[in-house]
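To keep things clear, I will list the structure first and then write my remarks on it.
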Amino acid sequence: MNGGKRSGNTGKLWGFILNFFNVILITVPFALCWYWSYADTIYIPFFHWGNVALIFLYAFIYFTICKLYSGFNVSIVRISELVYSQLLSILVTNIITYVIIFLLSYRFASAWELVVLFAVQACLAVFWSLFANKSFFRNNKPMRTVIVWDARQSVEELIKEYKLDKRFEVAGTYYINDCIDDIGKALGDAEAVFLCGIHSKERNIIVKYCIDTNIRMFVIPGVADIIMSSAEPLHILHLPIMTIERYDPSPEYLFIKRIADIVISGLALVILSPLMLVTALLVKRDGGTVFYKQKRLTKNRREFDIIKFRTMRMDAEKDGVARLSTGAGDDRVTKVGRVLRKFRIDEIPQLICVFQGTMSLVGPRPERPEIAAQYEAETPEFAFRLQAKAGLTGFAQVYGKYNTTPYDKLLMDLQYIARPTLVEDTKLLFATIKIIFMPESTEGIAEGQITASTKERNE
């Protein structure tokens with residue numbers, strides 16, 4: 001085997017050092033705050049190692065939340081998003097910690113100390129984000145990258161759009177046949193390879209070559225690739241076999257998921273009822289009805305009425321054509337509606353659907369029948385999303401945008417369907433908090449479009 005290529009271990013080691021430094025930087029102020037303000041106020045004060053254990057628990061919670069919110073992804077995310085992820089991780093960790101302090105104290109402890117702590121940690125997080133970004137890219141040169149394409153050719157644009165050129169230096173692009181004809185020449189100097197829409201036969205050749213020569217691979221998957229990721233290993237007659245079947249989660253998972261839907265949506269409706277009342281009065285004052293119902297698709301193509309706060313004029317679709325919003329420039333959206341959409345407040349009434357059971361908290365995004373039909377005409381596999389009950393949040397909602405292409409939405413939803421677990425559901429619920437205040441996640445479609453179809457964009 002050839003191990004001459006740069007393996008990326010240097011970047012991983014430097015990333016580990018930066019992340020470790022970050023956890024220490026955020027945990028030390030909490031430790032001081034704990035000993036100063038809370039250690040002696042709990043019902044049964046800890047001995048020395050009990051306090052140390054709680055501080056380590058704080059560090060673990062922060063590390064887990066920060067990983068979930070991409071707060072350590074120095075090499076990929078923008079500095080602004082890195083700071084946002086760090087601040088949100090600190091806030092969530094401190095809220096969880098306050099709940100722990102409440103349980104240990106049997107009373108509501110003073111929260112002002114945690115407010116001051118957050119301010120100090122926020123300053124440290126901004127410092128770390130700036131320092132980490134500068135030091136990481138000073139010590140890690142961009143990886144020499146080759147793009148091999150067949151069906152999709154958008155990777156170069158993606159690298160530029162998301163400013164990944166700090167991490168990847170595109171040294172060449174090759175059509176798959178040209179790459180296979182002389183793979184040594186095409187990939188000889190590469191440290192990383194992007195594979196875009198490559199069929200399995202040719203991809204196997206490249207994968208084997210990259211493994212042998214220690215080249216890192218980034219694969220943009222197809223529908224079959226995502227479905228294959230759900231395969232379960234099985235051994236029959238000494239043969240290694242992979243089994244694949246339609247979405248069929250265990251009864252235990254579905255039962256716990258339904259209980260969680262009822263409990264969480266019920267509590268959320270109670271807690272958010274004051275906000276819903278104020279919102280209803282504002283929408284009503286704007287003219288028209290407070291809520292609107294719309295047909296959407298869920299599991300096995302069943303239709304249900306989704307409930308939202310109305311954010312558009314009453315005559316928004318007077319021509320009878322179902323169309324998505326074009327975003328901030330859409331004159332059909334009311335003044336109140338713009339604010340509701342920006343902070344996702346218009347989505348809150350969907351909790352009623354979750355409580356009723358027509359939706360779940362986590363699942364594929366529910367599409368309108370008319371728009372789904374248009375997507376399926378372009379991409380028949382889009383109907384695969386309907387294997388699971390529609391969700392208030394999910395892979396496509398968290399990691400995509402309002403105007404994400406139907407094909408990419410399909411891939412994201414299939415990633416969730418392929419591996420349904422309570423852990424994944426919990427991660428997506430926490431990740432949803434992050435996107436609420438990210439404006440690009442609600443970015444509309446282009447002017448003149450009625451769906452997010454790529455075909456429509458090119459016409």
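Atoms considered below: every heavy atom in the structure, side chains included; atoms not considered: hydrogens, waters and symmetry mates.
Put simply, the side chain of Lys257 gets close to the backbone of Val362: a donor and an acceptor are under 3.5 Å apart. Panel note: side chain Thr243, backbone Glu232; a donor-acceptor pair is recorded below 3.5 Å. Proximity of a side-chain donor or acceptor of Arg310 to a complementary backbone N or O of Met312 within less than 3.5 Å is detected. Thr358 places a side-chain N or O within donor-acceptor distance of the main-chain N or O of Cys353, the cut-off being under 3.5 Å. Under a 3.5 Å cut-off, the side chain of Trp128 and the backbone N or O of Leu18 do form a donor-acceptor pair. Side chain of Asp212 to main chain of Lys208: no donor-acceptor pair is present (N/O by atom type, distance under 3.5 Å, no hydrogens or angles). Remark: the backbone N or O of Ala132 is paired with a side-chain donor or acceptor of Ser135 at under 3.5 angstrom. When atom types are taken as modelled, the side chain of Gln350 and the backbone of Leu392 share no donor-acceptor pair closer than 3.5 angstrom.
Considering only heavy atoms from C-beta on, Pro366 stays 4.5 Å or farther from Thr298 through its side chain. Looking at heavy atoms from C-beta onward, Glu303 lies in side-chain contact with Leu297 at the 4.5 angstrom threshold. Contact of the Ser360 side chain with the Val354 side chain is not registered, since no non-hydrogen atoms from C-beta on lie closer than 4.5 Å. In this structure, the side chains of Thr93 and Tyr98 stay at 4.5 Å or more apart for every pair of heavy atoms. The side-chain heavy atoms of Ile90 and Ile65, taken from C-beta on, include no pair separated by under 4.5 Å. Taking the side chain as every heavy atom from C-beta outward, Phe63 and Phe72 approach each other to under 4.5 Å. Residues Lys299 and Leu386 form no side-chain contact, since every pair of their non-hydrogen atoms from C-beta on lies 4.5 Å or further apart.
Of the N and O atoms on the side chains of Tyr416 and Asp425, at least one donor lies less than 3.5 Å from an acceptor on the other residue. Under 3.5 Å, the side chains of Arg296 and Gln294 contain a donor-acceptor pair of N or O atoms. Side-chain contact check for Gln121 and Asn94: at least one donor-acceptor pair (N or O, by modelled atom type) lies under 3.5 Å. Side-chain polar atoms of Tyr62 and Asn22 form a donor-acceptor pair below 3.5 angstrom.
Partners of Asp178 according to the side-chain hydrogen bond (donor to acceptor under 3.5 Å, both in side chains) rule, which considers only residues two or more places apart in sequence or in another chain, do not exist here.
Between Cys179 and the options Thr173, Ile205, Val148, Leu195, a side chain to side chain contact (heavy atoms under 4.5 Å, CB included) holds for only Val148. No option in Tyr247, Phe384, Phe395 other than Phe384 meets the side chain to side chain contact (heavy atoms under 4.5 Å, CB included) test with Leu414.
Nearest heavy-atom pair across Ile433 and Tyr84 is O-OH, 3.9 Å. Contact between Ser70 and Leu82 at its shortest, heavy atoms only, is O-CD1, 4.0 Å. Shown here for Ile435 and Gln397, the closest heavy-atom pair between the two residues is CD1-O, 3.2 Å.
Remark: Lys308 NZ is packed, more than 12 non-hydrogen atoms of other residues, nucleotides or ligands lying under 6.0 Å away. The neighbour count for Tyr253 OH, taken as heavy atoms of other residues, nucleotides or ligands under 6.0 Å away, is above 12. For Phe137, the CZ atom is densely surrounded, since the number of other residues' heavy atoms within 6.0 Å is greater than 12. Annotation for Phe430: atom CZ does not count as buried by contact number, only 12 or fewer foreign heavy atoms lying within 6.0 Å.
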> Taking it one step at a time, do Phe168 and Phe218 satisfy ring pair (Phe, Tyr, Trp, His ring centres under 6.0 Å)?
Replying inline: CA-CA 11 Å; Phe168 302 103; Phe218 297 88; 5.2 Å; yes
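Aromatic rings of Tyr175 and Trp149 (six-membered ring for Trp) have centroids within the 6.0 Å cut-off, being under it.
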